[in-house]
Each structure stands twice: as structure tokens, then as C-alpha cells.
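Below, chains carry the letters A, B, ... as their sequence lines are ordered, and counting in each starts from 1. Everything numeric in this text was worked out from a predicted model, so none of it was measured.
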Amino acid sequence: MVENNQDNMIQFVDVEKYYGHFHALKNINLTIKRGETVVLIGPSGSGKSTLIRAINGLEPIQEGHLIVNGYDLHDPKTDINKIRKRVGMVFQHFNLYNNKSVIENVMLAPRIVSHIPEEENEKYALELLDRVGLKDKAGSMPSMLSGGQKQRVAIARSLAMKPSALLFDEPTSALDPEMIGDVLRIIQNIAKDSDMTSLIVTHEMNFAQNVANRVIFMADGEVLEDSKTSDFFKKPKSVRAQQFVDQVQNH
Amino acid sequence: MISLLTSNFHSFLVAFGYTLLSSIIALIASTVLGTLFAILQIVPSKTANVIARAYIEVFRNIPLLIIVMFFYLVVTKIVKIGGFTAGTIGLTLYTSAFIAETVRAGINSVGIGQTEGARANGLSSWQTLRIIILPQAFKIAIPSLGNQFINLVKNSSILAFVAGGDLMYTANNVAATTFDSFNSYIIVGIFYLIITLPLNYYMKFLETKLKGMA
């Protein structure tokens with residue numbers, strides 16, 4: 001059995017994930033402590049998204065233990081919604097509720113999942129929208145927003161649940177170049193908060209260097225490297241990571 | 001035609017009431033049932049999927065007349081029901097199979113991102129379906145649902161075969177007693193239009209209105 005350390009927000013123990021015969025995650029062992037900001041990088045198809053999606057149960061794992069906020073996701077007795085309440089996720093394609101206004105997107109889960117009183121909920125939602133610079137869009141429908149604005153609403157929506165951890169799955173990959181800066185700045189501000197655990201899949205190397213305490217490099221479903229950010233960018237240990245960093249930095 | 005209408009006005013009016021009532025009941029009940037079976041098709045339970053599939057395939061692939069006759073001739077031996085009830089039940093079940101397919105197609109076109117966004121946000125699968133997926137699915141399905149509803153109203157003429165007292169049944173009676181078949185059927189044709197045209201208009205209106213809401 002795996003010991004449950006209160007300092008650990010997310011812990012992978014011998015995790016294996018398959019899509020049919022395809023071995024998507026190979027023997028993952030990883031611990032992310034509360035308050036850490038970890039960036040996950042690697043070539044496409046390396047399993048980064050699968051790994052991050054496994055953390056809130058969007059991808060079931062086949063073997064091992066995945067302990068999030070004290071609950072083992074691979075234990076059938078675990079109520080997945082208890083974990084999702086505490087772990088927010090920001091997607092590449094935003095996934096805002098298309099049938100709800102901006103403020104309703106932010107207020108919905110706190111209302112029906114956490115049963116926050118309406119007045120308090122609305123006050124906090126407006127505060128969050130203000131924080132992402134979109135208070136004036138509270139009444140708009142998502143279809144009226146630009147990609148960058150949608151992503152900022154999605155971030156506010158995640159924050160509204162007062163999560164202990166936030167997962168960012170390539171949050172700027174679908175954005176126009178001029179929108180990326182704003183979104184990254186907001187993520188950086190959130191990650192700075194010492195109570196928030198952040199796990200970020202990204203291809204933005206400068207952002208990774210600025211925001212992360214730790215860098216995890218993945219390729220072919222394996223974690224090849226797990227180092228302090230400064231060490232990683234000074235000189236990655238593995239050849240594969242060196243190649244990758246050279247490629248993305250010199251394009 | 002006018003004299004035929006005025007001399008049988010009461011009969012036509014009562015018949016119109018029966019057709020309207022049968023249509024409204026069947027419309028509401030088949031939408032509820034259809035949605036239920038659409039959901040049963042997508043829930044993660046093999047048993048539920050198979051039951052829903054069987055229901056839909058049976059009622060979608062048998063002529064409406066046979067379904068209605070079954071309720072009128074067979075079921076009525078066990079539970080005492082009249083032609084109107086038997087016809088309306090048959091019409092409901094038959095239409096619900098088509099609505100189930102329409103709603104399921106709507107649900108499938110909503111896109112997995114909406115579900116993932118909601119589940120990651122902490123919503124249960126039922127909350128996700130009810131609050132996020134179904135409203136969007138219905139919006140997509142409205143043009144097709146409109147067609148189903150119009151067909152339903154027209155198909156309610158099947159009640160004539162089981163003495164349902166509807167417009168078609170009355171047209172047959174009036175035609176038989178007055179020997180004026182031509183005008184009898186034209187009159188009920190117009191009565192059907194009184195229901196279907198506003199219904200059609202309303203569905204179009206709903207479609208535009210919801211599109212405006214983005």
C-alpha cells in the first residue's frame with residue numbers, strides 16, 4: 001500500500017495506461033507536492049496530455065496507484081467528483097459551456113456542486129472575471145468571445161471552485177499569437193500563489209522557465225527527466241530532451 | 001363545402017378537439033419517452049443500451065397501423081381501453097422511437113469537450129447531461145423535431161381505423177352519410193393545416209430564437 005503523505009498533492013505510483021494495445025503511460029512514478037508549479041514538456045504523442053488528464057479521471061489508468069489529494073483514483077470506491085471538486089482543469093480548446101453566459105459558466109459549478117449561496121457566488125465570480133480582465137463580458141455568450149478571452153473565462157471558471165490544484169493542458173496552443181501573452185501572465189499569477197499546485201503542459205519554453213519550479217520531460221509515454229527548472233534548461237540530462245529543447249528554442 | 005361544414009360543424013369541431021388532444025398528448029409523451037430512450041442509448045450500461053436499441057428498432061420498423069391495431073385489439077383484452085387511447089398510445093410509442101434517434105443524434109453532435117469541461121468542473125454525469133448537453137442537443141435537434149411533430153399530427157389520422165373519433169374518422173362518417181366525400185376530406189385537410197401550420201411556424205421561430213442566443 002502507498003503511504004499517504006499530506007504534503008503530496010499528486011502521486012503516481014507505477015502507473016500504466018493503455019489505449020487498447022497502445023502503451024500510453026509506461027511505469028510513471030512521480031510526486032508533486034502542494035504548492036509546486038510543474039511544467040510538463042515533450043514532443044507530441046509523448047503522453048503529456050494523457051498524464052495530466054489521468055489526474056482528474058478523464059483518462060482511466062489500468063495499473064498502479066494515482067493518489068490525488070489523498071484519494072486513490074484507481075480505487076473503484078473513490079468518488080471521482082470529490083477529486084474534481086478540488087482539482088480544476090483548463091483545456092486547450094477551452095470547453096466553455098456554449099449554452100451559458102460568461103458569468104453563468106463561472107457560477108454554475110459552485111452553485112450546483114458546492115452549494116455556494118447565490119449572492120456570495122456572484123460576488124466571487126465577478127471578482128474572478130475582474131482578475132482575468134473580463135468583468136465587462138459577464139453577460140456575453142462564449143461565442144461572442146475571442147479565443148484568448150474564452151481561455152481567461154475558463155481559468156476563472158476553474159478558480160471559482162477554489163481548487164487546491166490546477167491542471168493546464170496546452171492552454172495557449174489554440175490561441176492566436178497576440179492572445180498568448182495575456183493568458184500566460186494570468187497563469188503565472190495563479191501559479192505564484194503558494195497554496196496552489198499547478199501542473200502545466202506547454203510548448204512555451206520561455207514561459208516554462210519563468211513559471212516552473214520543476215520541469216518534467218516526457219517521450220514515448222515515459223518520464224525521461226524530472227529536474228529543477230534551472231538545471232533542466234542549463235543542460236538537460238538526456239539526449240532526447242537536449243534535442244527537444246534545441247528544436248523548440250531554435251525554430 | 002360551406003354548407004357541408006355548417007351542417008356538420010359540431011361533429012367536425014369535436015373531431016378537431018380529439019385530433020388536437022391526441023396530438024398534444026402524443027407530442028409531450030413521445031418527446032419525454034424519446035429523450036429517455038436517447039439517454040438510455042448513451043449511458044455506460046450495456047443492458048440499458050440494448051434495451052433502448054431494441055425498443056427503438058421495434059417501434060421504428062413496424063407500420064404505425066399495426067402498432068395501433070395491437071393496442072386496440074390485443075391490449076384491450078387485458079386492460080379496457082378505447083380507440084382513442086389505443087391510438088394515442090400507439091402514436092406515442094411509434095413517434096418516440098424516431099424522436100429518440102433525433103435526440104441521440106443531437107447529443108452526439110454536442111462534442112466531447114462540453115462533457116469533459118463539465119466533468120472536470122465537478123458536475124456529475126447526470127448534471128452534465130441535464131444542464132449542459134441536453135439543452136444544446138435539443139437546440140441542434142429542433143428542425144428535425146419539427147418534422148417529427150408535423151408527422152405526428154398527420155399520423156394521428158390513424159385513429160380513424162380504431163374509432164378514435166378524430167378528424168379522419170369523422171370525415172369518413174360524414175362522407176358516408178352525405179355522399180360528399182370530396183368536400184368532407186377537403187374540410188378535414190384544412191383542419192389539419194390549422195394545427196400543422198402554426199406548429200411549423202412555431203418550430204421555425206424557436207429555431208431562429210435559439211440561434212440568436214448563440
Side-chain angles (χ1 to χ4, degrees), chain A residues 49 52-53 55-60 79-102 104-116 139-145 150 153-154 156-163 165-169 174, chain B residues 31 34-35 38-39 42-49 102-146 203-214:
Chain A
S49 283
I52 206 171
R53 287 162 57 86
I55 295 169
N56 68 358
L58 288 178
E59 300 289 348
D79 178 4
I80 184 76
N81 288 334
K82 276 211 180 102
I83 294 170
R84 285 170 172 155
K85 253 174 92 166
R86 308 298 303 155
V87 180
M89 181 140 185
V90 175
F91 298 85
Q92 183 177 355
H93 296 288
F94 333 122
N95 296 351
L96 290 181
Y97 309 134
N98 292 328
N99 59 331
K100 302 277 177 199
S101 68
V102 164
E104 270 301 307
N105 263 274
V106 181
M107 289 171 66
L108 182 67
R111 180 191 301 132
I112 65 171
V113 181
S114 310
H115 307 289
I116 306 292
S140 304
M141 294 305 281
S143 58
M144 308 296 287
L145 305 181
K150 282 183 190 170
V153 175
R157 177 176 72 173
S158 299
L159 288 174
M161 291 298 283
K162 304 196 165 127
L166 272 180
L167 310 169
F168 295 90
D169 188 5
Chain B
T31 305
T35 306
I39 293 169
I42 56 152
V43 295
S45 153
K46 272 271 170 300
T47 325
N49 302 155
T102 306
V103 173
R104 184 181 64 116
I107 290 173
N108 285 344
S109 55
V110 170
I112 187 74
Q114 292 290 304
T115 302
E116 290 190 343
R119 297 310 304 278
N121 206 196
L123 274 65
S124 70
S125 50
W126 171 240
Q127 287 171 329
T128 302
L129 186 68
R130 187 168 53 85
I131 301 167
I132 304 302
I133 307 302
L134 280 182
Q136 297 185 58
F138 273 107
K139 197 175 114 184
I140 295 166
I142 278 178
S144 175
L145 281 176
M203 293 307 283
K204 288 258 155 60
F205 165 77
L206 214 56
E207 194 185 332
T208 335
K209 193 181 130 191
L210 290 175
K211 207 170 269 162
M213 281 167 61

> Side chains of Leu108(A) and Leu123(B): does their closest heavy-atom pair fall under 4.5 Å?
Replying inline: yes

>> Counting only non-hydrogen atoms closer than 4.5 Å, does Ile112(A) touch chain B with its backbone (N, CA, C, O), its side chain (CB onward), both, or neither?
In response: both

>> Please classify the contact of Arg86(A) with chain B as side chain, backbone, both or neither, using a heavy-atom distance under 4.5 Å.
In response: neither

> Do you know which two heavy atoms are closest between Met89(A) and Ala120(B), and how far apart they sit?
Replying inline: CB-CB, 3.9 Å

> Where does Lys82(A) contact chain B at under 4.5 Å (heavy atoms): side chain, backbone, both or neither?
Replying inline: neither

> With no hydrogens and no angle check, is any side-chain donor or acceptor of Asn99(A) less than 3.5 Å from a backbone partner on Ile131(B)?
Replying inline: yes

> Which bit of Phe91(A) comes within less than 4.5 Å of chain B, counting heavy atoms only: side chain, backbone, both or neither?
Replying inline: side chain

> From Ser124(B) OG over to Asp79(A) CG, what is the distance, rounded to the nearest 0.5 angstrom?
Replying inline: 10.0 Å

> chain B heavy atoms under 4.5 Å from Val90(A): which part of the residue, side chain, backbone, both or neither?
Replying inline: neither

> Does anything in residues 110-117 of chain B get under 4.5 Å of chain A by heavy atoms, and if so which residues?
Replying inline: Gly113(B), Gln114(B), Glu116(B), Gly117(B)

>> For Val113(A) versus Gly122(B), what's the shortest heavy-atom pair and its separation?
In response: CG2-O, 3.4 Å

